[in-house]
Amino acid sequence: MFTYDSNTNKAIADVCLGIRVDRATATLPQTTAAALFNIVGGRVAITGILGEVTVAIQNQACNTKLTANPTTGTSSDLCAVLSIANDEVGCLYGITGTVGDAMVGANAGYAPLQARPLAVNVGTIDLDCAASNTGSVKWSIWYLPLDTGAYVTAA
């Protein structure tokens, strides 16, 4: 079996999915929204976003969603809510790219990458939690710049 080195793997992912930005694991926002990623310099197309639980989520109701929060204008949900209560370490979170679909969280099994990109404006991509739960999640985002000078950073 042939395996590619890490540089080749990254180059293939960049060609297929776009530029990847990782955000270190962090505790959940407590009954609020908090920025995961900053969109800077112009619009970008999100081609994938993936979360992974690194510290188990408390067994208490907590509806959670991802939101595009532009610098100017009104925030928009990128997905409908998912209850993340009692999610185990390794649980993966993703979105389909259809705004009305709930965020998907399959206990350590899988998460979808988007079927269609989502164009977002300058601002932040936020994680919005309806309750105060313990737990921690790390995130990765893949994107393509739509404007010259546009890029994404971890918040």
Side-chain angles (χ1 to χ4, degrees), residues 13-14 17-147 149-155:
D14 285 352
L17 293 172
I19 302 164
R20 177 180 173 168
V21 176
D22 295 317
R23 183 176 188 272
T25 193
T27 57
L28 298 171
Q30 303 296 293
T31 318
T32 191
L36 296 175
F37 297 101
N38 300 306
I39 312 301
V40 182
R43 300 165 299 168
V44 301
I46 299 171
T47 59
I49 188 162
L50 182 68
E52 182 178 349
V53 175
T54 57
V55 174
I57 309 296
Q58 178 180 352
N59 189 13
Q60 158 183 282
C62 185
N63 286 333
T64 302
K65 63 185 175 182
L66 295 168
T67 303
N69 182 9
T71 303
T72 302
T74 305
S75 294
S76 300
D77 295 342
L78 299 177
C79 59
V81 298
L82 168 72
S83 175
I84 63 170
N86 205 33
D87 283 348
E88 66 190 15
V89 171
C91 179
L92 299 175
Y93 300 129
I95 61 174
T96 65
T98 299
V99 174
D101 289 354
M103 186 166 64
V104 177
N107 276 334
Y110 79 97
L113 289 177
Q114 293 163 222
R116 60 183 65 100
L118 295 171
V120 295
N121 220 329
V122 173
T124 60
I125 302 300
D126 296 350
L127 181 65
D128 187 340
C129 293
S132 294
N133 285 37
T134 58
S136 188
V137 180
K138 68 179 181 178
W139 292 90
S140 297
I141 192 171
W142 290 264
Y143 75 96
L144 299 168
L146 298 176
D147 294 320
Y151 63 96
V152 175
T153 65

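All of these numbers come straight from a predicted model, not from anything done at the bench.
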Point-to-point distance, once rounded to the nearest 0.5 Å, from [atom1] of [X] to [atom2] of [Y]:
X    : Y    : atom1 : atom2 : value
I95  : D77  : CD1   : CG    : 10.5 Å
L78  : D128 : CG    : CG    : 11.0 Å
R20  : Y143 : CZ    : OH    : 13.0 Å
Q30  : N133 : CD    : CG    : 7.0 Å
K65  : M103 : NZ    : CE    : 10.5 Å
L118 : L66  : CG    : CG    : 10.0 Å

Expected output: side-chain [X] to main-chain [Y] donor-acceptor under 3.5 Å:
X    : Y    : answer
T27  : G135 : no
S76  : A68  : no
T31  : S132 : yes
T67  : N69  : no
S140 : L50  : no
R23  : L36  : yes

Heavy-atom pair of closest approach, residues [X] and [Y]:
X    : Y    : result
I39  : G42  : CG2-O, 3.4 Å
G18  : T47  : N-OG1, 4.5 Å
V89  : A108 : O-CB, 4.3 Å
T64  : I84  : OG1-CD1, 3.4 Å
A130 : C62  : N-SG, 4.1 Å
A111 : L92  : CB-CB, 3.7 Å

Got [X] and [Y] here, is their nearest side-chain heavy-atom distance under 4.5 Å?
X    : Y    : value
W139 : I125 : no
F37  : I49  : yes
T98  : R116 : yes

Query raised in the report: Given E88 and V53, is the side chain to side chain contact (heavy atoms under 4.5 Å, CB included) satisfied, shown in steps?
Result: CA-CA 7 Å; E88 66 190 15; V53 175; over 6 Å; no

Query raised in the report: Please walk me through it: do L82 and V104 pass side chain to side chain contact (heavy atoms under 4.5 Å, CB included)?
Result: CA-CA 7 Å; L82 168 72; V104 177; 5.9 Å; no

Query raised in the report: Going through the checks in order, is the side chain to side chain contact (heavy atoms under 4.5 Å, CB included) test met by I141 and I46?
Result: CA-CA 7 Å; I141 192 171; I46 299 171; 4.0 Å; yes

Report task. Could you go through the side chain to side chain contact (heavy atoms under 4.5 Å, CB included) check for L28 and V137 one step at a time? Result -> CA-CA 7 Å; L28 298 171; V137 180; 4.0 Å; yes

Requested in this report: Using only heavy-atom distances, determine whether the side chains of D126 and T124 contain a donor-acceptor pair under 3.5 Å.
Outcome: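 Yes, a side-chain donor-acceptor pair sits under 3.5 Å.
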
Report task. Among V21, T153, V152, V122, find the one that has a side-chain contact (heavy atoms from CB on, under 4.5 Å) with N38. Result ->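 Among V21, T153, V152, V122, the one that satisfies the side-chain contact (heavy atoms from CB on, under 4.5 Å) with N38 is T153.
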
